[in-house]
Amino acid sequence: MFKAPRGTVDILPEEQAHWRYVSQTVERLCRLYGYERIDTPIFEEAALFTRGVGEVTDIVSKEMYVFEDRGGGVLALRPEGTASACRAYIQHGMHARSQPVRVYYLEPIFRYDRPQAGRQRQFWQFGVEAIGESDPSIDAEVVEMCWRLYEELGLTGLTLQLNSIGCPICRPRYIEALREYYSDKLDLVCRDCRDRFEKNPLRLLDCKNEQCQPFIAKAPITLDYLGVECSEPFEALRGYLKALSIPYELNPRLVRGLDYYTKTVFEVVPQEEGGQSTIGAGGRYDSLIEVLGGRPTPGIGFATGIERIILNLKRQEVAVPEAAPPQVFVAFQEEAREAAIALAGRLRRSGISATAATAGRSLRSQMRQADALGALYTAIIGREELNSDTVMLKRMNDGTEERIASNDVASFLANR
RNA sequence: GUGGGCGUAGCCGAGCGGUUAAGGCACCAGGUUGUGGCCCUGGAGACCGAGGGUUCGAAUCCCUCCGUCCACCCCA
């Protein structure tokens with residue numbers, strides 16, 4: 001038997017209410033903030049990500065789906081959304097538009113990772129990008145929008161964490177200080193941290209190992225090393241967030257896994273700590289466009305995982321709107337089969353949703369079906385109705401019946 | 001990529017060396033030859049994740065693989 005590939009899932013009809021709820025909320029939010037949708041290809045030249053996201057990041061070095069196409073080009077299923085959006089910005093000369101360019105996407109993302117709860121190989125992200133403006137008021141707008149999304153969805157108990165990791169000028173100074181601090185402690189920290197010291201020193205800060213905690217607590221923090229170019233906008237951002245009444249926690253240990261982040265970084269996590277808990281995250285990427293071959297252009301955005309949102313909606317038992325049931329279920333006896341099919345067709349042309357029974361079932365069975373579908377009304381056509389050109393219209397919630405001329409059914413229901 | 005738990009019908013789940021492999025939900029039919037939701041009766045549905053091995057005998061024990069879950073790595 002064929003099964004969906006490891007780490008992928010089918011989103012079944014009964015789950016669509018949650019998906020619809022999230023995508024409709026996302027669309028409303030974007031309209032509210034003036035972000036327009038952009039759709040980019042599901043695959044890109046692999047080099048876009050190796051250069052943009054960073055060759056040594058896990059996402060690129062061990063999680064990317066890379067393949068060669070028949071023309072010999074090396075392509076990759078996108079492992080994140082920002083690089084593609086920036087590529088499109090450059091390719092289509094969007095610097096010529098009014099800045100910043102505000103776009104959003106809702107798209108599948110692919111990472112060859114070991115699946116577990118809240119982590120799949122194909123998953124969906126909603127993300128926004130504001131490209132072409134470095135003013136911290138845009139940082140505030142993006143952070144606010146991210147926070148607001150969860151509010152609109154009805155999620156509670158979330159924490160917004162904020163930090164600044166500096167720019168290409170001040171960050172090396174910080175990393176040097178961090179390395180120096182750790183240089184005489186390498187015998188005391190865990191194995192992973194010794195690796196991190198070499199490969200990705202910022203990651204030292206969010207090690208979960210018990211033995212490393214005391215060292216993390218006393219480690220130098222990024223905020224103390226920011227140059228004025230970074231600290232001033234960060235202070236401004238904090239002021240804006242206060243003015244917007246967005247509750248945030250300053251987390252000096254917050255770092256991000258992608259190379260392109262600069263200055264503002266933030267993350268939203270549910271209260272209950274779990275393995276794969278981060279629900280959304282973002283930050284500024286002021287060097288990315290230039291790295292990708294564009295003129296120097298600042299940008300900021302965030303992305304959030306739809307599956308993780310839905311996981312939390314379900315955990316918190318947030319009620320989501322159900323799919324509308326058919327207004328009418330058309331049940332019939334064999335001799336009225338054509339009349340029933342015709343009636344269903346006429347109702348639909350009048351904008352009334354109708355599902356017809358299929359032939360060969362008892363009326364009782366058809367009624368059970370109508371009930372299972374949650375139909376508001378059942379129109380029954382038997383011999384008597386056929387002869388008098390009427391239908392027996394039954395209201396399912398209270399069982400009342402009324403005989404109505406076939407031609408009047410649509411207008412009768414339209415007035416309900 | 002590392003370590004561990006688990007895989008019995010569509011779903012939940014008992015059985016843990018010899019059973020016709022429980023039970024519940026869902027599904028289908030009937031109890032009402034023109035009527036749903038409750039109830040009752042019946043039916044269908046499982047090569048017990050796959051492959052190999054041990055044994056007279058394996059869903060039950062062992063190995064490999066696959067899947068899933070948890071933790072780590074990392075991340076949405």
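Please read these numbers as outputs of a predicted model, since none were measured by experiment. The chains referred to below are lettered A, B, ... by the order of the sequence lines, with proteins before strands, and numbering in each begins at 1.
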Engineer: Sort out the partner of B:A14 for me: Watson-Crick or G-U wobble, both distances under 3.5 Å, none otherwise.
Structural biologist: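 B:A14 is paired with nothing.
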
Engineer: Rounded to whole Å, please give me the gap between CG in A:Asp195 and P in B:C72.
Structural biologist: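 Whole-Å distance recorded here is 17 Å.
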
Engineer: Quantified in whole Å, what is the P atom distance between nucleotide B:U41 and nucleotide B:A46?
Structural biologist: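 Rounded to whole Å, the distance is 24 Å.
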
Engineer: Can you give one letter per nucleotide of nucleotides 24-40 of chain B, going 5' to 3': B for a protein heavy atom under 4.0 Å from the base, S for sugar-phosphate only, - for none?
Structural biologist: ----SSBBB-BBBB---

Engineer: Hey, is the side chain of A:Arg6 poking within less than 4.0 Å of OP1 or OP2 on B:U68, counting only N and O atoms?
Structural biologist: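 For B:U68, OP1 or OP2 has a side-chain N or O of A:Arg6 closer than 4.0 Å.
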
Engineer: Contact class for A:Arg191 vs. all strands (heavy atom < 4.0 Å): base, sugar-phosphate, or nothing?
Structural biologist: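 It contacts nothing in the nucleic acid.
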
Engineer: Base, sugar-phosphate, or nothing for A:Gly282, non-hydrogen atoms under 4.0 angstrom?
Structural biologist: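 A:Gly282: no heavy atom of the nucleic acid under 4.0 Å.
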
Engineer: For A:Arg194, is there an ion pair with A:Asp192 - N to carboxylate O distance below 4.0 angstrom?
Structural biologist: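 No, no charged N to carboxylate O under 4.0 Å.
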
Engineer: Between B:C65 and B:C6, how far apart are the two C1' atoms, rounded to whole Å?
Structural biologist: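 Straight-line distance between the two C1' atoms is 16 Å.
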
Engineer: Between A:Glu152 and A:Arg28, does a salt bridge (Lys or Arg N to Asp or Glu O under 4.0 Å) hold up when you go through it step by step?
Structural biologist: CA-CA 10 Å; A:Glu152 294 280 317; A:Arg28 193 176 66 236; 2.7 Å; yes

Engineer: In whole angstrom, give the distance that lies between atom NZ of A:Lys3 and atom P of B:C65.
Structural biologist: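 It works out to 16 Å between those atoms.
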
Engineer: Is B:G57 paired to anything, Watson-Crick or G-U wobble with both distances less than 3.5 Å, and if yes, which nucleotide?
Structural biologist: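 Pairing partner, where one exists within any strand: none, as none qualifies.
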
Engineer: What interatomic distance, in whole Å, is found between C1' of B:G17 and the corresponding atom of B:A26?
Structural biologist: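 It comes out at 33 Å once rounded to the nearest Å.
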
Engineer: Validate the cation-pi geometry between A:Arg121 and A:Tyr112: distance from NZ or CZ to the six-membered ring centre under 6.0 Å, angle to the ring axis within 45°.
Structural biologist: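 The answer is yes, since A:Arg121 meets both limits relative to A:Tyr112.
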
Engineer: Who is the Watson-Crick or G-U wobble partner of B:A22, with both distances under 3.5 Å?
Structural biologist: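 Pairing partner, where one exists within any strand: none, as none qualifies.
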
Engineer: Which part of the nucleic acid does A:Gln366 contact within heavy-atom distance under 4.0 Å: base, sugar-phosphate only, or nothing?
Structural biologist: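 Nothing, no heavy atom under 4.0 Å.
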
Engineer: For B:A9, what is the paired nucleotide under Watson-Crick or G-U wobble rules, both distances under 3.5 Å?
Structural biologist: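 Result: none.
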
Engineer: Does B:U64 have a Watson-Crick or wobble mate here (both distances under 3.5 Å), and if so which one?
Structural biologist: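 WC or wobble partner is B:A50.
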
Engineer: I need the OH-C1' distance between A:Tyr261 and B:C75, as an integer number of Å.
Structural biologist: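 Checked: the OH to C1' distance equals 11 Å.
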
Engineer: In whole Å, measure the gap between the P atoms of B:A9 and B:A59 for me.
Structural biologist: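 After rounding to an integer number of Å, I get 14 Å for this pair.
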
Engineer: Taking B:C11 as the reference, what is the distance to B:G5 when you measure between their P atoms (whole Å, please)?
Structural biologist: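 Nearest-Å result for B:G5 against B:C11 at atom P: 24 Å.
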
Engineer: Taking the side chain as everything from C-beta on, heavy atoms only, tell me whether A:Phe329 gets closer than 4.5 Å to A:Met396.
Structural biologist: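 SC-SC contact between A:Phe329 and A:Met396 ruled out.
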
Engineer: Can you tell me the pairing partner of B:C27 across any strand shown, Watson-Crick or G-U wobble, with both distances under 3.5 angstrom?
Structural biologist: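 Matched B:C27 with B:G43 under the 3.5 Å cut-off.
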
Engineer: Between A:Glu385 and A:Arg403, does a salt bridge (Lys or Arg N to Asp or Glu O under 4.0 Å) hold up when you go through it step by step?
Structural biologist: CA-CA 8 Å; A:Glu385 288 77 17; A:Arg403 190 181 290 278; 3.3 Å; yes

Engineer: What is the minimum heavy-atom distance between A:Ser411 and A:Asp408, and which atoms define it?
Structural biologist: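 It is OG-O, 3.1 Å.
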
Engineer: Sticking with atom C1', work out how far B:A44 lies from B:G10, rounded to a whole angstrom.
Structural biologist: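 Straight-line distance between the two C1' atoms is 13 Å.
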
Engineer: Measuring only the C1' atom in each nucleotide, how far is B:A21 from B:C16? A whole number of Å is fine.
Structural biologist: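 Their C1' atoms lie roughly 13 Å apart.
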
Engineer: Take atom C1' in B:C70 and the same atom in B:U64, then report the distance between them in whole Å.
Structural biologist: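 Rounded to whole Å, the distance is 23 Å.
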
Engineer: Figure out the CD/P separation between A:Gln120 and B:U68, and round it to whole Å.
Structural biologist: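 Atom CD in A:Gln120 sits about 10 Å away from atom P in B:U68.
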
Engineer: In this structure, how many angstroms lie between the P atom of B:U68 and the CG atom of A:Asp10, rounded?
Structural biologist: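 It is 12 Å, rounded to the nearest whole Å.
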
Engineer: A:Tyr225 and A:Tyr174: aromatic ring centres closer than 6.0 Å?
Structural biologist: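 Yes.
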
Engineer: Check this for me: does the side-chain of A:Arg308 come within 3.5 Å of the base of B:C75 through a donor and an acceptor?
Structural biologist: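 Between B:C75 and A:Arg308, which were checked side chain against base, a qualifying N/O pair under 3.5 Å is present.
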
Engineer: Answer yes or no: is there an ion pair linking A:Arg284 with A:Asp286, defined by an N-O contact shorter than 4.0 Å?
Structural biologist: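 Answer for the salt bridge query: yes.
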
Engineer: Checking base pairs now: Watson-Crick or wobble, both atom distances under 3.5 Å. What partners B:U2?
Structural biologist: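 B:A71 is the nucleotide pairing with B:U2.
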
Engineer: Rounded off to whole Å, could you give me the OH-to-C1' distance for the A:Tyr112 and B:C75 pair?
Structural biologist: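 The distance from OH of A:Tyr112 to C1' of B:C75 comes to 17 Å, rounded to the nearest Å.
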
Engineer: Searching all strands shown, indicate the nucleotide that pairs with B:G36 (Watson-Crick or G-U wobble; both distances under 3.5 Å).
Structural biologist: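 Looking at the geometry, B:G36 pairs with no nucleotide.
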
Engineer: Has A:Glu307 got a side-chain atom pairing as donor or acceptor with A:Trp124's backbone, closer than 3.5 angstrom?
Structural biologist: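 It does hold such a pair.
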
Engineer: Any idea which of B:C74, B:C72, B:A76 is nearest the A:Gln125 side chain?
Structural biologist: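 Of B:C74, B:C72, B:A76, B:A76 is nearest to the side chain of A:Gln125.
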
Engineer: Indicate, yes or no, whether a donor-acceptor pair under 3.5 Å links the base of B:U2 to the side chain of A:Arg114.
Structural biologist: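 Yes, the side chain and the base share a sub-3.5 Å donor-acceptor pair.
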
Engineer: Rounded to whole angstrom units, what separation is found between the CG atom of A:Asn209 and the P atom of B:A71?
Structural biologist: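 Taking CG of A:Asn209 and P of B:A71, I get 16 Å after rounding.
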
Engineer: What is the separation between atom CG on A:Asp113 and atom C1' on B:G1, rounded to the nearest whole Å?
Structural biologist: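 After rounding, the reported distance stands at 10 Å.
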
Engineer: Counting the atoms with a prime plus P, OP1 and OP2 as sugar-phosphate, which does A:Arg111 contact under 4.0 Å by heavy atoms, base, sugar-phosphate, or nothing?
Structural biologist: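 If one applies the 4.0 Å heavy-atom cut-off, A:Arg111 turns out to touch a base.
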
Engineer: With RNA chain B as reference, determine whether A:Gly7 or A:Arg256 sits nearer its 5' end, using the nearest nucleotide of each.
Structural biologist: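 Looking at RNA chain B, the more 5' nearest nucleotide goes with A:Gly7.
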
Engineer: Going by atom types only, do A:Glu267 and A:Thr278 share a side-chain donor-acceptor pair under 3.5 Å?
Structural biologist: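 There is such a pair between these side chains.
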
Engineer: Quick check: on RNA chain B, is the nucleotide nearest A:Pro115 upstream (toward 5') of the one nearest A:Arg196, or the reverse? Name the residue that is more 5'.
Structural biologist: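 First, find each residue's nearest nucleotide; the 5'-ward one identifies A:Pro115.
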
